[in-house]
Amino acid sequence: NAGVMQNPRHLVRRRGQEARLRCSPMKGHSHVYWYRQLPEEGLKFMVYLQKENIIDESGMPKERFSAEFPKEGPSILRIQQVVRGDSAAYFCASSNQGGYGYTFGSGTRLTVV
Amino acid sequence: ELKVEQNPLFLSMQEGKNYTIYCNYSTTSDRLYWYRQDPGKSLESLFVLLSNGAVKQEGRLMASLDTKARLSTLHITAAVHDLSATYFCAVDEKANAGKSTFGDGTTLTVKP
């Protein structure tokens, strides 16, 4: 059981570029959650998705950020026109039951230069 | 809006000593989690506490929940260096909503 797989582990983008972060949930899990962690802080909820549906996106910034979890393939967190303030660790979690029993991935560390 | 506060934020201990980390939250909640995070790593689930008075223990760590006081504690007994990490509590305000609110974490350093 490979667990929750996130890639890339580290991503460097210049200001204005796009960042795409991928998350493959654990086998059998159909619920995916994205969190952002700024340095020295706890994780902040961004979005909760099921296959082809966004369940709760109350933590997503209104602009430049989007997330999807297609029928086939990984969940994608997309950040357009990145700015320095987007530099953070982005964690994905999955569960086989909605809102319970989360398993976290190893995260993607995004650095915007 | 649910707020979760941990204290202390930084804790330096000698090996063999006991200490407690506190997690307060601002509204009623359905469940509370404790996680461990090593530097540059992901979160490892330690405990899930579901009801008032719940107590769970794993090795040198024991977690408890008082829903009336909106307080959870993580007690460390006879600390060892391997326990050095950052510990987070997180609270789900609503069951199965898929949205946890995290505290800012307690960074624990255990010195020989």
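Letters go in sequence order (proteins before strands), and every chain restarts at 1.
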Kindly check if the number of other-residue, nucleotide or ligand heavy atoms within 6.0 Å of CE (A/Met60) is above 12?
yes
Between B/Gly98 and A/Tyr35, what is the shortest heavy-atom contact and its length?
O-OH, 4.2 Å
Residues of residues 42-56 of chain A near chain B, each having a heavy atom less than 4.5 Å away
A/Gly42, A/Leu43, A/Lys44, A/Phe45, A/Tyr48, A/Asp56
Is the count of non-hydrogen atoms from other residues, nucleotides or ligands lying under 6.0 Å from A/Glu18 atom CD greater than 12?
yes
May I ask whether B/Leu49 and B/Tyr22 are part of the same hydrophobic cluster, defined by side-chain heavy atoms of I, L, V, M, F, W, Y residues being less than 4.5 angstrom apart, directly or through others?
no
Given heavy-atom pairs under 4.5 angstrom as the criterion, report whether the side chain, backbone, both or neither of B/Gln37 touches chain A.
side chain
Between A/Phe104 and A/Met5, is there a shared hydrophobic cluster once you connect ILVMFWY residues whose side-chain heavy atoms come closer than 4.5 Å?
no
Can you name the residues of residues 106-113 of chain A that have some heavy atom under 4.5 Å away from a heavy atom in chain B?
A/Ser106, A/Arg109
Whatever's closer than 4.5 Å to a heavy atom in chain A on B/Lys99 counts as both
In this structure, would B/Tyr19 and B/Leu108 fall into the same cluster of hydrophobic residues linked by side-chain contacts under 4.5 Å?
yes
Within a radius of less than 6.0 Å around CD of A/Gln81, do more than 12 heavy atoms belonging to other residues, nucleotides or ligands occur?
no
Give me the ring orientation class for B/Tyr33 and A/Tyr102: parallel if the planes are under 30° apart, tilted from 30 to 60°, perpendicular past 60°.
tilted
Rounded to the nearest 0.5 Å, what's the gap from CG on B/Leu43 to CD on A/Gln37? Could you check?
7.0 Å
Given heavy-atom pairs under 4.5 angstrom as the criterion, report whether the side chain, backbone, both or neither of A/Ser58 touches chain B.
side chain
